[in-house]
Amino acid sequence: MLSNQHFQSTPAVNFDLLAYTIGSYHYNWHPQIELFWLLQGHVEVNVDGRRYDLKANDLILINANCGHATFALDPECLALRLHIAPAFYTSQGLDLSHGAFHLNSVTTPQHRDYQTIRQILAQLYTGLHQSNWSAFELNAAYFQLTNLLHHDFFDTQATIAYPQPKKQSSLSRVIDNLNQPGYRQPQSALRSARHARIGSRHQSLLHGLFVPYF
């Protein structure tokens, strides 16, 4: 007699997607994994003391609790960034305690997944602002992206323990004060889509990359 197997899981899907203009030097760290896509311009990104020169369409993934900074080298630099909570992975049985994500189109210019990653980010951005997109469709795109990132870009042999929470120091509090409006102007994806500095041309860039998931 065949046995019946029943599986039930309800992972919490909770992500933060932000389109914004990059300005002066902005340093921070946070407990989320950050996927950064430069849409336009030329930006210097510093991750734990290592500098990377990003140009339009470059991608970089920053591990949780890694100090990082961005600095615009062009007058108008536009980016889309996604924050992923490590708990999304760990609550579903994946171990992130050893190893790290390695995704950087500056150091590795070619990868079969890059265009797919851009397309899914564009899908998420578009789906959040189209009333005909269901939660199921957004969840499906998010699961596809997070699975791809873990499967193809998480290195279990990396020597850096992951994650390593950092306590806020007096220096970081000074940096927080410097990172007030005027240094960087983040805005919601919806506001960004309407903002003159994003403009229809950049909306078209995202919509042009949009490929329906279904």
Response to the item:
When rounded to the nearest 0.5 Å, the distance separating CD1 of Ile33 from SG of Cys66 is 10.0 Å
Worksheet item: Do His83 and Leu18 touch side chain to side chain, with heavy atoms closer than 4.5 Å?
Response: no
Worksheet entry | Leu145 and Leu124, any side-chain heavy atoms less than 4.5 Å apart | yes
Discussion item. For the CD atom of Gln110 and the OG1 atom of Thr108, what is their distance to the nearest 0.5 Å?
Written reply: 10.0 Å
Fill in: Ile84 and Tyr142, any side-chain heavy atoms less than 4.5 Å apart
yes
Item to complete: Please report the closest heavy-atom contact between Val43 and Leu38, naming both atoms and the distance.
Response: CG2-CD1, 3.7 Å
Worksheet item: Side chains of Phe36 and Ile22: closer than 4.5 Å at any heavy-atom pair?
Response: yes
Worksheet item: Between Asp16 and Arg81, is any pair of side-chain heavy atoms under 4.5 Å apart?
Response: yes
Worksheet item: Do Leu96 and Phe154 touch side chain to side chain, with heavy atoms closer than 4.5 Å?
Response: yes
Discussion item. How close do Gln32 and Pro86 get, counting heavy atoms only, and between which atoms?
Written reply: CA-CD, 4.1 Å
Worksheet item: Is the Phe143 to Phe88 ring centre distance short of 6.0 Å?
Response: yes
Discussion item. Determine whether Ile117 and Leu35 satisfy the following criterion, side-chain contact (heavy atoms from CB on, under 4.5 Å), listing intermediate values before the conclusion.
Written reply: CA-CA 10 Å; Ile117 290 169; Leu35 178 58; 3.9 Å; yes
Item to complete: Any chance you could lay out the side-chain contact (heavy atoms from CB on, under 4.5 Å) test for Asn57 and Trp37, step after step, and finish with the verdict?
Response: CA-CA 6 Å; Asn57 231 21; Trp37 175 19; 3.0 Å; yes
Worksheet item: Which heavy-atom pair separates His68 from Trp29 by the least distance, and what is that distance?
Response: CE1-CA, 4.2 Å
Discussion item. Test your reading of the model: is there a side-chain donor-acceptor pair from Asn147 to the backbone of Gln144, 3.5 Å cut-off?
Written reply: no
Practice prompt. Starting at CZ of Phe15, measure out to CG of Leu138 and round the result to the nearest 0.5 Å.
Written response: 5.5 Å
Item to complete: With the side chain counted from C-beta on, respond yes when Asp48 and Ile62 share a heavy-atom pair under 4.5 Å apart, and no when they do not.
Response: no
Fill in: Leu17 backbone acceptor or donor facing Tyr125 side chain under 3.5 Å
no
Worksheet item: Of the non-hydrogen atoms in Ala100 and Ala158, which two are nearest, and what is the gap between them?
Response: N-CB, 3.7 Å
Discussion item. So, taking the atom named OG1 in Thr70 and the one named OH in Tyr25, what distance separates them when rounded to the nearest 0.5 Å?
Written reply: 9.0 Å
Practice prompt. Mind listing the closest non-hydrogen atom pair of Ala141 and Gln123 along with its distance?
Written response: CB-OE1, 3.9 Å
Worksheet item: So with a 6.0 Å cut-off around CG of Asn14, is the heavy-atom count from everything else above 12?
Response: no
Item to complete: Identify the two heavy atoms, one from Asp53 and one from His42, that lie closest to each other, and give their separation to 0.1 Å.
Response: OD1-NE2, 2.5 Å
Fill in: Near-ring test His111/Phe153, centroid separation under 6.0 angstrom
yes
Worksheet item: Can you tell me how far the CD atom of Gln119 sits from the CG atom of Asp113, to the nearest 0.5 Å?
Response: 11.0 Å
Item to complete: Keeping the roles fixed (side chain from Asp74, backbone from Glu76), state whether a donor-acceptor pair exists under 3.5 Å.
Response: no
Worksheet item: Out of curiosity, Cys77 SG to Phe71 CZ, how far, rounded to the nearest 0.5 Å?
Response: 9.5 Å
Discussion item. With heavy-atom distances below 4.5 Å as the criterion, would you say the side chains of Leu59 and Leu103 are in contact?
Written reply: yes
Discussion item. Checking the side chain of Gln130 only, and the main-chain atoms of Gly127 only, is there a donor and an acceptor separated by less than 3.5 Å?
Written reply: no
